[in-house]
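Numbered from 1 within each chain, the chains take letters A, B, ... in sequence-line order. The basis for the numbers below is simple: all heavy atoms, side chains too, and nothing from hydrogens, waters or symmetry mates.
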Protein chains: 2
Amino acid sequence: MRIGELAEATGATVRALRYYEEQGLLRPERTASGQRIYTPDAVDQVLWIRSLLGNGFSSKAIAQLRRCASADEVTPEQRAVVRAEHARIEAAYRAAAATKDRFASVLAFIGDGPD
Amino acid sequence: MRIGELAEATGATVRALRYYEEQGLLRPERTASGQRIYTPDAVDQVLWIRSLLGNGFSSKAIAQLRRCASADEVTPEQRAVVRAEHARIEAAYRAAAATKDRFASVLAFIGDGPD
DNA sequence: CTAAGACCTCACGCCGGCGTCAGAGGCAAA
DNA sequence: TTTGCCTCTGACGCCGGCGTGAGGTCTTAG
C-alpha cells in the first residue's frame, strides 16, 4: 500500500509516517521512482508504534526494540533495553489503571446528571 | 513542607513544582517572605499530576480537572471535560495493557537467558 | 497528452514540559 | 555576624514529535 492509504488506515498523518521511517521505526520498500510501498503488516506496526509513543516511549527506544525483534540473537545489551522498557510500561500501566479508577469514581459522582 | 522537601518526597524537581504552580495545578501557601509552604497532601497531588502527565494529559486539562474538583457545583462544561478525559484515560489504559502483555511475551521469550 | 492529485525531499517552525543559568534574598548554626 | 544552603523571580534554552510550506516528480483517469 502507498503512504496515503497507510495514513488513512492508521490515523497517522503522512508526515508522521515519514518521520517514523526517519527514526528507523519503519522500513518500507521503494518503487523504482522512489515511492514508498508498505506491506499490510505496517498497519499493525504503526498502531503499535503509536501506542508506545502514547505511553511515553521515545522513538529511539522503539527503534531499539525493533532491532531487538528482528535480530537472530539477542545481545545482553538488548536484553537490558527490553527489561528497562518493561519496567517503564509496568509503571505506565499501573498509573493508567489508577487514573482510570479515579476517573470512574468521579464519573459515578457527577456522571448521572444532565448534560 | 518546603519546596525542596516536596521535591525529594515526590521525585519531581524543584523547577517542575514551580512549573505546576505556574500552570495552576498547585496552590501552595506563602510565608511572609514569599517562600512556598506545602501541606502534606501535596505529595499525593504531585504524584497524581505526574501520573496524569505521564498518561498524556496536558497541564491545561489537569488544571480543568482541578477546578472541577474544587467547585461546589459541576457545570455541564466541566462535565464534558471530565467525560472527554475519561475517554482518553480509557484509551491510554487499554493501550498500556496491550503493551504490557506484549512485553510480557517478549520477556517470556528472551528473559530466562543470562544477563 | 494532459491535468489533477498523490508523492517526493529538504528545511524551517511550533509547542509543551521542563533544564539551566543569573542575580538577589531568606534562614539556621556557630 | 558570617557562612552555607535553600529559596525566590525572571528569562532564555532544549528536545521530541510532528505541522507546514516550497518546489519538483509520479501516476492515472479522461
Side-chain angles (χ1 to χ4, degrees), chain A residues 1-39 42 45-66 81 84-85 88-89 91-92 95 99, chain B residues 1-39 42 45-66 81 85 88 91-92 95 99:
Chain A
M1 63 196 321
R2 302 175 67 187
I3 195 170
E5 306 174 71
L6 180 59
E8 192 172 6
T10 58
T13 65
V14 167
R15 174 66 174 105
L17 294 177
R18 291 201 268 249
Y19 176 74
Y20 298 156
E21 178 180 2
E22 191 181 321
Q23 300 301 308
L25 310 184
L26 246 34
R27 300 246 180 238
E29 298 298 308
R30 297 291 187 124
T31 67
S33 63
Q35 311 231 152
R36 295 170 177 84
I37 300 296
Y38 298 89
T39 63
Q45 292 180 29
V46 169
L47 294 177
W48 171 236
I49 288 169
R50 310 209 95 205
S51 113
L52 286 173
L53 287 174
N55 277 293
F57 286 68
S58 71
S59 63
K60 291 185 184 179
I62 302 176
Q64 281 279 339
L65 294 175
R66 202 199 109 100
V81 169
E85 298 305 324
R88 283 184 50 77
I89 186 59
T99 305
Chain B
M1 62 198 321
R2 302 174 68 187
I3 196 170
E5 307 174 72
L6 181 59
E8 193 173 4
T10 58
T13 65
V14 167
R15 174 67 176 103
L17 295 176
R18 291 202 267 251
Y19 176 74
Y20 298 157
E21 179 180 1
E22 192 183 321
Q23 301 299 308
L25 310 184
L26 246 34
R27 299 247 180 239
E29 298 299 309
R30 298 293 187 124
T31 67
S33 63
Q35 311 227 155
R36 294 170 177 84
I37 300 294
Y38 298 89
T39 64
Q45 291 180 29
V46 169
L47 294 177
W48 171 236
I49 288 169
R50 309 209 96 206
S51 111
L52 287 172
L53 287 175
N55 278 292
F57 285 69
S58 71
S59 62
K60 291 185 183 178
I62 302 175
Q64 282 279 339
L65 294 175
R66 201 199 111 100
V81 170
E85 297 306 324
R88 282 184 51 77
T99 305

For atom [atom1] of [X] and atom [atom2] of [N], their distance in whole Å:
X        : N       : atom1 : atom2 : result
Glu8(B)  : dC6(D)  : CD    : C1'   : 13 Å
Leu6(A)  : dC8(C)  : CG    : P     : 11 Å
Ile62(B) : dG16(C) : CD1   : C1'   : 12 Å
Ile37(B) : dG26(C) : CD1   : C1'   : 12 Å
Lys60(B) : dC18(C) : NZ    : P     : 15 Å
Glu22(B) : dC12(D) : CD    : P     : 14 Å
Glu21(B) : dG17(C) : CD    : P     : 16 Å
Met1(A)  : dA6(C)  : CE    : P     : 15 Å

Legend entry - Minimum-distance nucleotide to Gln35(A) side chain [options: dC18(C), dC26(D), dG17(D)]: dC26(D)
With heavy-atom distances below 4.5 Å as the criterion, would you say the side chains of [X] and [Y] are in contact?
X        : Y        : answer
Gln64(A) : Glu85(A) : no
Arg50(A) : Tyr20(A) : yes
Arg36(A) : Glu29(A) : no

OP1, OP2 of [N] versus side-chain N and O of [X]: anything below 4.0 Å?
X        : N       : value
Ser33(A) : dC7(C)  : no
Tyr19(B) : dG17(C) : yes
Tyr20(A) : dC18(D) : yes
Arg30(A) : dC26(D) : no
Ser59(B) : dG17(C) : yes

Inset, instruction - Name the residue closer to the 5' end of DNA chain C, choosing between Arg15(B) and Gln23(B) according to the nucleotide with the nearest heavy atom. - result: Gln23(B)
Legend entry - Exceeds 12 heavy-atom contacts within 6.0 angstrom, atom CD of Glu8(A): no
Legend entry - Side chain Arg88(A), main chain Gly56(A), donor-acceptor under 3.5 Å: yes
Legend entry - Sugar-phosphate, base or nothing in reach of Arg18(A), heavy atoms under 4.0 Å: base
Inset, instruction - Remember a base hit wins even if backbone is also touched, and classify Arg36(A) as base, sugar-phosphate or nothing at under 4.0 Å, heavy atoms. - result: sugar-phosphate
